[in-house]
Amino acid sequence: MNAEWQPDTLAAQLGHYIDPVTGGVIPPFQPSTTYARDAHYQLIQPQTEYSRDDNPTYPLAESLIAELEGGEDALLFASGMAGIASLFQTLDQGDRVAAPTRMYFGTVKWLTHFAQKRQIEINWFDPAIPGSLEAAIQPNIKLVWVENPANPTWDIIDIKAAAEAAHDVGAPLAVDSTVASPVLSQPLKLGADIVFHSATKYLNGHSDVMGGVLVSKEKNNRWEKIRFERHHAGAIMGTFETWLLLRGMRTMFVRVKHSSASAMAIARHFEKHPKLERVLYPGLASHPGHEVASRQMQDGFGGMLSILVKGDFQMAVEVAKRFKVFIPATSLGGVESLVEHRKTVEGPDSPTPDHLLRLSVGLENLDDLIADLEQSLQVV
Ligand SMILES: Cc1ncc(COP(=O)(O)O)c(C=O)c1O
């Protein structure tokens with residue numbers, strides 16, 4: 001990759017990809033799971049033996065993501081959760097980690113279950129409470145995990161400060177940067193050691209690929225353990241999914257910037273709305289994380305925001321039912337806008353407020369999105 005080019009140039013051209021065999025400007029899709037040897041019993045392409053690690057489509061996507069994040073290496077996984085699991089699998093029984101109580105609920109659920117089974121201790125912290133993260137990072141911590149911005153209230157972690165606190169006790173900092181995407185934030189450049197994305201979201205951007213990616217600042221011992229885990233436990237992304245991901249990443253910068261601009265406009269429009277208690281969006285000066293987010297994000301604050309309707313659980317569901325442009329569905333980061341009543345999905349144990357609706361802002365016309373939200377709120 002040409003390191004002198006801007007990241008959006010690298011992404012648009014997949015690092016100036018030209019197929020060496022045909023001259024095609026789009027990478028070929030090689031579905032083979034196995035690769036033949038020649039008359040000397042040597043692999044025809046070095047390190048292309050069996051597709052659980054070696055499909056020629058993977059390195060193109062992995063090297064682009066590593067370059068965009070400023071890491072030495074990246075690894076693709078079959079889903080975001082498979083990537084998260086591979087990182088936590090590097091811990092030993094009895095290890096202690098620090099993790100937030102508020103983040104993507106699936107991560108809280110899986111981590112709680114995994115930690116119980118593997119006798120791993122968790123120092124939970126509340127990302128909305130100043131000092132909570134620092135208090136959780138005790139000398140015996142082996143890994144600090146954060147999500148930034150954090151679902152579904154978009155709490156902002158000061159990544160530089162978190163990295164310093166983690167490094168003071170010799171622990172690496174891993175950041176789930178799914179919502180920011182590599183377009184808006186590069187946690188490795190702020191001191192983090194590992195960056196994670198659910199590639200299902202903004203990286204692919206079209207709601208048609210499940211995938212995850214870990215990026216490491218260094219190819220160290222921990223990274224080799226993660227690579228071993230992926231190769232032998234087999235949580236690799238499918239080849240076709242990787243090819244679709246490459247296609248999605250070509251437009252990622254335009255998509256993410258457009259979604260962020262629309263989310264900002266929606267947040268501003270509805271901030272003082274009489275039917276709402278509050279709009280949660282780190283781009284608003286009223287958000288507690290705004291100042292830190294302004295420092296560590298560029299080109300926008302992301303396409304995700306939440307609204308707290310005036311009313312209870314049922315009222316929030318009533319509003320959710322009335323949307324006509326926003327699609328009532330889970331997930332985020334696609335070209336289509338989605339609305340979700342998170343408490344319904346997360347269940348009664350979740351700390352998410354009953355009256356919160358999460359919006360993933362896509363690429364539709366902004367006036368249509370604002371009008372849709374206005375008409376849905378009329379029920380309040
Ligand atoms: C912030 C965040 N991290 C991780 C995940 C898990 O990723 P996946 O659904 O691709 O397994 C999600 C999924 O919604 C997410 O939103």
Side-chain angles (χ1 to χ4, degrees), residues 61 65 69 74-89 99-114 127 145-157 159 174-185 187 192 194-215 230 233-238 241-242 244-245 248-249 256 259 263 280 282 289 297 301-306 327 329-334 336-347 350-352 356 358-362:
I65 299 167
E69 288 288 2
L75 287 169
L76 293 171
F77 292 86
S79 69
M81 289 315 299
I84 292 174
S86 296
L87 170 62
F88 280 93
Q89 294 283 3
T101 48
R102 283 207 275 183
M103 59 175 163
Y104 168 56
F105 199 63
T107 312
V108 177
K109 238 182 180 163
W110 177 81
L111 183 57
T112 306
H113 165 81
F114 173 76
W145 174 266
V146 299
E147 183 178 305
N148 183 68
N151 267 282
T153 40
W154 320 116
D155 301 305
I156 297 291
I157 302 284
I159 294 170
V175 180
D176 180 342
S177 193
T178 298
V179 167
S181 89
V183 177
L184 306 180
S185 153
I194 292 196
V195 169
F196 161 81
H197 293 279
S198 164
T200 316
K201 318 299 184 195
Y202 289 105
L203 289 182
N204 178 60
H206 292 76
S207 306
D208 52 11
V209 164
M210 286 299 296
V213 64
L214 289 170
V215 188
R230 186 185 75 165
I236 180 68
M237 188 182 265
E241 281 76 5
T242 310
L244 281 175
L245 173 66
M249 285 195 296
V256 170
S259 288
L280 299 171
M297 296 175 92
F301 296 89
M304 297 302 299
L305 70 151
S306 296
I327 299 169
T330 196
S331 202
L332 60 101
E336 63 290 313
S337 293
L338 305 177
V339 57
E340 198 182 13
H341 183 244
R342 285 300 294 171
K343 199 61 178 262
T344 297
V345 178
E346 296 177 2
S350 124
T352 295
L356 179 146
R358 189 182 81 171
L359 305 176
S360 171
V361 179

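Count residues from 1 along the sequence. In each ligand, atom 1 is the first atom listed, and ligand 1 is the first ligand listed.
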For ligand 1, run through the N/O pairs with the protein that fall under 3.5 Å and put one pair on each line.
{"from": "ligand 1", "atom 1": "3 (N)", "to": "Asp176", "atom 2": "OD2", "distance (Å)": "2.6"}
{"from": "ligand 1", "atom 1": "7 (O)", "to": "Ser198", "atom 2": "OG", "distance (Å)": "3.1"}
{"from": "ligand 1", "atom 1": "10 (O)", "to": "Gly80", "atom 2": "N", "distance (Å)": "2.9"}
{"from": "ligand 1", "atom 1": "10 (O)", "to": "Ser198", "atom 2": "OG", "distance (Å)": "2.8"}
{"from": "ligand 1", "atom 1": "10 (O)", "to": "Thr200", "atom 2": "OG1", "distance (Å)": "2.6"}
{"from": "ligand 1", "atom 1": "11 (O)", "to": "Gly80", "atom 2": "N", "distance (Å)": "3.0"}
{"from": "ligand 1", "atom 1": "11 (O)", "to": "Met81", "atom 2": "N", "distance (Å)": "2.8"}
{"from": "ligand 1", "atom 1": "14 (O)", "to": "Lys201", "atom 2": "NZ", "distance (Å)": "2.9"}

Evaluate the side-chain proximity of Glu336 to Ser207: yes if any heavy-atom separation is below 4.5 Å, no if none is. yes

Close side-chain approach of Met249 and Ile65, heavy atoms under 4.5 Å: yes

Quick one: does any side-chain atom of [X] pair with a main-chain N or O of [Y] as donor and acceptor, under 3.5 Å?
X      : Y      : result
Arg358 : Met304 : no
Asp155 : Ala150 : no
Thr200 : Gly211 : yes

Among all residues two or more places apart in sequence or in another chain, which pass the side-chain contact (heavy atoms from CB on, under 4.5 Å) test with Ala263? Tyr281, Leu305, Val361

